[in-house]
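Have a look at this one.
Lettering follows sequence order; numbering is per chain, from 1. Keep in mind that this is a model prediction, so the values were computed, not measured.
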Protein chains: 2
Amino acid sequence: MSSDGARVALRATRQRTAVRAALADGDQFRSAQELHAALRERGAGVGLTTVYRTLAAFAETGEVDAITREDGETVYRRCAESGHHHHLVCRECGRTAEVAGPAVERWADRVAAEHGYTEVAHTLEIFGRCPNCT
Amino acid sequence: MSSDGARVALRATRQRTAVRAALADGDQFRSAQELHAALRERGAGVGLTTVYRTLAAFAETGEVDAITREDGETVYRRCAESGHHHHLVCRECGRTAEVAGPAVERWADRVAAEHGYTEVAHTLEIFGRCPNCT
DNA sequence: ATGATAACGGAAACGGTTATCATCTTCGAA
DNA sequence: TTCGAAGATGATAACCGTTTCCGTTATCAT
């Protein structure tokens, strides 16, 4: 059980700072490629590879939320709430609300346990049309 | 005189029959590529493109379940239960159980309504390690 | 049987993501 | 302050599942 990957602090680099700054710029979910383009525009060039690595690392530590959209692309946003939560996403404009559902977590864990499953995780996203777009 | 855009029945082709037969062969979720290989092995050659198209069409009509795994690959299985349900998937061997969670459906709808969202849909998959693989 | 058109399928393109590997940076120990 | 090992970077090249392209073939109502 030496799987506590987030033990060693990440080194402080210009690139990681830049990615954080870019993330702080908005509260919408954005793809790695969009963030890469935004960084290039503001003059803080960061390699695409590094953007991917950095976002993956941030997601690992919980510093950002990462969700996989229906088309398979992964998008990131700095986390408003800490801890486990889900998202209510407008399929028109992308507006997102974070929602917590303790009951759902318990339900998922219980169902999995009833079937004898271990190391349980789950994905849950709610899609709809937000008030503005309705 | 159809009252709406009810879909025209799909034509009966050797390929669609073959894909159905391949799906009937097991009850695990399989990828389009796996099904394509299985079809080739049993001598019923079906183009990869056609396998993709056929599976997408079947998923559209509800004839098969399609879920997107954590790595982004889409996998298919013929549907055991009709109606809305979710899946408990072993991330090791792919074994799957279908689970219904009326309470979760209600929760999702309620949360979305509270935020003013309409035309609500949701995705929910539970991943874990099944008894055999633990 | 016939013709309109749905379906097919091999090849090439696509697009997001990851691997490679040579080079540069960080940071703690001396 | 200096030094160097481990960490981090990034341009490029794969990778891989999926979709598009488009000429050919099969289906089915008439």
| request: Using whole Å, report how far CG of B:Leu55 lies from P of C:dG9. | output: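 Rounded to the whole Å, the gap is 13 Å.
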
| request: Pick base, sugar-phosphate or nothing for A:Ser31, based on heavy-atom distances below 4.0 Å to the nucleic acid. | output: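 Nothing, no nucleic acid heavy atom in range.
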
| field | For atom CD of A:Gln33 and atom P of C:dC14, their distance in whole Å | value |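 Whole-Å distance recorded here is 15 Å.
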
| said: To the closest 0.5 Å, what do you measure between OG1 (A:Thr74) and OH (A:Tyr52)? | reply: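 Going from OG1 on A:Thr74 over to OH on A:Tyr52, the span is 8.0 Å.
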
| message | Between A:Glu98 and A:Arg77, does any side-chain N to carboxylate O distance fall below 4.0 Å? | response |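 A salt bridge is present here (some side-chain N lies under 4.0 Å from a carboxylate O).
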
| Between P of D:dG17 and OH of B:Tyr76, the distance in whole Å |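 So the OH-P distance, B:Tyr76 to D:dG17, works out to 13 Å.
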
| remark: Nucleotide by nucleotide, nucleotides 19-30 of chain C touches protein heavy atoms under 4.0 Å in the pattern (B base, S sugar-phosphate only, - none) B-----BBS---

| message | Any heavy-atom pair between the side chains of A:Thr54 and A:Tyr76 that's under 4.5 Å? | response |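 No - every pair of side-chain heavy atoms lies 4.5 Å or more apart.
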
| query | Given atom CG of B:Leu39 and atom P of C:dG9, what is their separation to the nearest angstrom? | reply |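 Value for this atom pair: 10 Å.
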
| request: Starting from Watson-Crick (N1-N3 plus N6-O4 or O6-N4) and G-U wobble pairs under 3.5 Å, report the runs of at least three that DNA chain D belongs to. | output: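 Result, WC/G-U stems under 3.5 Å: C:1-30 with D:1-30.
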
| What is the distance, rounded to the nearest whole Å, between atom NE2 of B:His36 and atom P of C:dG10? |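 Taking atom P of C:dG10 as the reference, NE2 of B:His36 is at 7 Å.
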
| How about B:Arg53 and B:Arg16: do any of their side-chain heavy atoms sit closer than 4.5 Å? |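 Result no, sub-4.5 Å side-chain heavy-atom pair not found.
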
| Between atom CG in B:Asp71 and atom P in C:dG15, what is the gap in whole Å? |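 Taking CG of B:Asp71 and P of C:dG15, I get 20 Å after rounding.
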
| query | Side chains of B:His85 and B:Asp65: does their closest heavy-atom pair fall under 4.5 Å? | reply |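 SC-SC contact between B:His85 and B:Asp65 confirmed.
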
| request: Check the distance between C:dG16's P and A:Leu48's CG and give it to me in whole angstrom. | output: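 It is 10 Å, rounded to the nearest whole Å.
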
| query | How close do A:Ala112 and A:Val120 get, heavy atom to heavy atom, and via which atoms? | reply |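 Looking at all heavy atoms of both residues, the closest pair is CB-CG2, 3.4 Å.
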
| request: Measure across A:Leu23 and A:Arg30 and return the closest heavy-atom pair with its distance rounded to 0.1 Å. | output: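 Minimum heavy-atom contact is O-NH2, 3.4 Å.
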
| field | Spacing of B:Glu73 atom CD relative to D:dT19 atom C1', expressed in whole Å | value |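 For the pair B:Glu73 CD and D:dT19 C1', the rounded distance is 15 Å.
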
| said: Which label fits A:Phe29 and A:His87: parallel for a plane angle under 30°, tilted from 30 to 60°, or perpendicular past 60°? | reply: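 Rings of A:Phe29 and A:His87: perpendicular, as their planes differ by over 60°.
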
| query | Is the distance from OP1 or OP2 of D:dG10 to the nearest side-chain N or O of A:Gln15 less than 4.0 Å? | reply |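 Checking A:Gln15 against D:dG10: at least one side-chain N or O falls below 4.0 Å of OP1 or OP2.
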
| query | In terms of side-chain heavy atoms of A:Tyr52, which of C:dG16, C:dC8, D:dT18 is nearest? | reply |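 Of the candidates, C:dG16 comes closest.
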
| field | Value rounded to 0.5 Å, distance of CZ in B:Arg40 from CG in B:Leu35 | value |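 Reported value, rounded in 0.5 Å steps: 13.5 Å.
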
